[in-house]
Amino acid sequence: MEFVERLKSAVDIVKVVSEYVPRLEKRGVRYVGLCPFHSEKTPSFSVHATHQFYKCFGCGAGGDVIKFVMEIEGLTFYEALKHLAERHGIPMPKQDRLTDAEGRLRSALYEIHELAARHYQSALASARGSGARDYLRRRGLAAELVEEFRLGYAEPAGQALARRLEREGFSRAEIEESGLVIPRQEGGWLDRFRGRLIFPIQNEAGKVIAFAGRALGEGEEPKYLNSPETRIYKKSYVLYNLHRARKAIREADAAVLVEGYMDVIALWGAGVRQAVASCGTALTVEQVRMLRRHSDKLVVNFDSDAAGAEATERSLDLLVEEGMRVRVLALEEGLDPDEYIRKYGVDAYRARLAAAPGYFYWLADRARKRFDFRSPDGRAEGLRRLLPAIQKIPDKLERAAVAGELASYLGVDAGLVLERFRKAAVERRRQPARQPPEPLAPTELVLLKSLVGDAEARRQVLPRLAALRSLEKLRIRPIVEAMAQLEAGGTAFSYAALEARLIEADRVLLASVVFADEEDQESSLLPQAQACLESLEYKDREARRAELRARVKAAEREGRLDEALRLAAELSQVE
């Protein structure tokens, strides 16, 4: 057994979580309490004692004991391992080997990206990177910052990185999976990044998982080119610089969200260490939840041009819905943070940051520019545009307070604002309630519980289940296929290993089934799994018989007697 699995077997997740969530209530094999990763009044956070896994059905957080320590303490994977090992008296090995194909591929991708980062750094430091270094000097980036953020340069030649990866012995599949090369029709590869300044993108553990390349030529498009998504890079789950900034975010109890990589680096160099940026994408709920684990306070400091203002407004709805306490810093003269600091200095920027107003003041200023609040129609339209953002505030008292402040700031009657709230509430009540997702069919529900809970059921049932023609129609198909991959790869089964191979929708489905159990199942689940399988096999045969009968009749009607006889023989075998 690998060290990670030995560690997880030796450590009880319930005891670890209870150190941070003191009022866990036991419900059978589950423990329920208030989620430590987001604010809530009704418990939606569960820890499963049997599967050694936690899941919050409010914010979506979930994982094994290592993931919990990483998230709650802000540690890297290795740091969390070391923390748990030392606390429980388990000696750490020098190196841990990955055994399954998926693990080996992910490990290779991390190695490729680390090698690529060093390759780009070397190119920047060489004579070929003089133009890129001149650009960085013009932007005021000191050599220490360039080194800290591991900036690099992709040569314009086009195949330097691809050839180096080949020389290092990586397979064709690994090189192409990295997304750092583009296959050529005539064979070989072309480097994805050519003639660009390179910004490595790192995950919360500090590992390089992707790159962004900035064009250096005037008018060259796109200005920024980003890595495609891969097995180790999902852009909606990554915030640039979070691995460095998280400590400062916790200490300041606030984060700063900016638009660009250069803004983050400039703020870091000026001593504002809590800045992060999304990686070439609109802000996502996953990114917001990553921030909220460190602080629920945020200053949005996007560019002040029209595009930046639109991006700010789009982000506010999501941030408020997720319970973030948001302020907006709009710098004058259309300057971005990097330009502002170079022009006015870091002290001026810090003063503006500290005085950044609540987001609704920024929205109100936007509304006043668009609508004439001196006229009744203008006031009505302005309020109509403003109230949806305020209605998303989860807390009722805070909502009312913000509405009152908004009315005072805009110079309108508070009663008018409250009346708008009442009308909107009535309209919401009239709207049909969202229908809950359709529950799993009983056969699928019992089958999934049995397969997750019993190794013998997985060994005997999974091969026959994979042979079913109707498997494609089952809602649990992706989960079953992921289980089969684990079995085939020789990886020790665990809830965490299974969950890691699923997309979010299937993770939610799996958790909704497993975490619904109140009682542990001590007896074998194999008979239940076999009964469910036999029911599915029977339905499979009935569907096959009906299909063959229809095909026999069709062949007879159309005079294809040989085919009719062949199909009839096949039907006889099925029966």
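FYI, the numbering just counts along the sequence from 1. The figures that follow rest on heavy atoms only: side chains count, while hydrogens, waters and symmetry mates do not.
Atom CG in Leu474 sits 7.0 Å away from atom CG in Leu465 (nearest 0.5 Å). Between the CD1 atom of Ile476 and the CG atom of Asp506 there is a distance of 10.5 Å, given to the nearest 0.5 Å. Here Leu451 contributes atom CG and Glu487 contributes atom CD; the two are 9.5 Å apart, rounded to the nearest 0.5 Å.
Checked for salt-bridge contact, Lys15 and Glu19 miss the test: no charged N lies under 4.0 Å from a carboxylate O. For Glu229 and Lys235, the salt-bridge test fails: no basic side-chain N is under 4.0 Å from an acidic carboxylate O. Ion pairing between Arg27 and Glu25 holds under the 4.0 Å rule for side-chain N and carboxylate O. Using a cutoff of 4.0 Å between basic side-chain nitrogens and carboxylate oxygens, Lys8 and Glu5 are scored as salt-bridged.
Closest non-hydrogen pair, Tyr233 versus Cys279, comes out as OH-CB, 3.6 Å. Between Arg477 and Leu471 the shortest heavy-atom distance is CB-O, 3.4 Å. Counting all heavy atoms, side chain and backbone alike, Leu526 lies closest to Ala457 at CD1-CA, 3.7 Å. Between His243 and Asn203, the closest heavy-atom pair is CB-O, 3.3 Å. Between Ala108 and Phe170, the shortest heavy-atom contact is O-CE2, 3.9 Å. Across every non-hydrogen atom of His113 and Val208, the tightest pair is CB-O, 3.3 Å.
In this structure, Glu174 contributes its side chain and Ser171 its backbone to a donor-acceptor pair below 3.5 Å. In this structure a side-chain-to-backbone donor-acceptor pair under 3.5 Å is present from Gln52 to Ala49. At least one donor-acceptor pair closer than 3.5 Å links the side chain of Gln287 to the backbone N or O of Val238. With hydrogens and angles ignored, the 3.5 Å screen pairs a side-chain donor or acceptor of Asn241 with a backbone N or O of Ala275. Remark: the backbone N or O of Ser236 is paired with a side-chain donor or acceptor of Thr284 at under 3.5 angstrom. Ser18 places a side-chain N or O within 3.5 Å of a backbone atom of Val14 that can act as its donor or acceptor partner. Under the 3.5 Å distance criterion, the side-chain polar atoms of Arg246 are matched with a main-chain donor or acceptor of Glu204.
Between the side chains of Glu456 and Gln460, at least one donor N or O sits under 3.5 Å from an acceptor N or O. In summary, the side chains of Gln528 and Asp454 do not present any donor paired with an acceptor at a separation below 3.5 Å, with no hydrogens or angles considered.
Taking the centre and axis of the six-membered ring of Tyr110, the NZ or CZ atom of Lys207 falls inside the cone set by 45° and 6.0 Å. Note that Arg30 lies outside the cation-pi zone of Phe515, set by a 6.0 Å cut-off to the ring centre and a 45° limit from the axis.
Using a 4.5 Å cut-off on side-chain heavy atoms (C-beta onward), Val328 and Val299 make no contact.
Between Tyr224 and Tyr261, the gap from one ring centroid to the other is short of 6.0 Å. For Phe53 and Phe68, the gap between ring centers reaches or exceeds 6.0 Å.
Counted within 6.0 Å of CZ on Arg87, heavy atoms from surrounding residues, nucleotides or ligands total 12 or fewer; the atom is thus considered open. Dense packing is recorded around CZ of Arg244, with more than 12 heavy atoms of other residues, nucleotides or ligands lying under 6.0 Å away.
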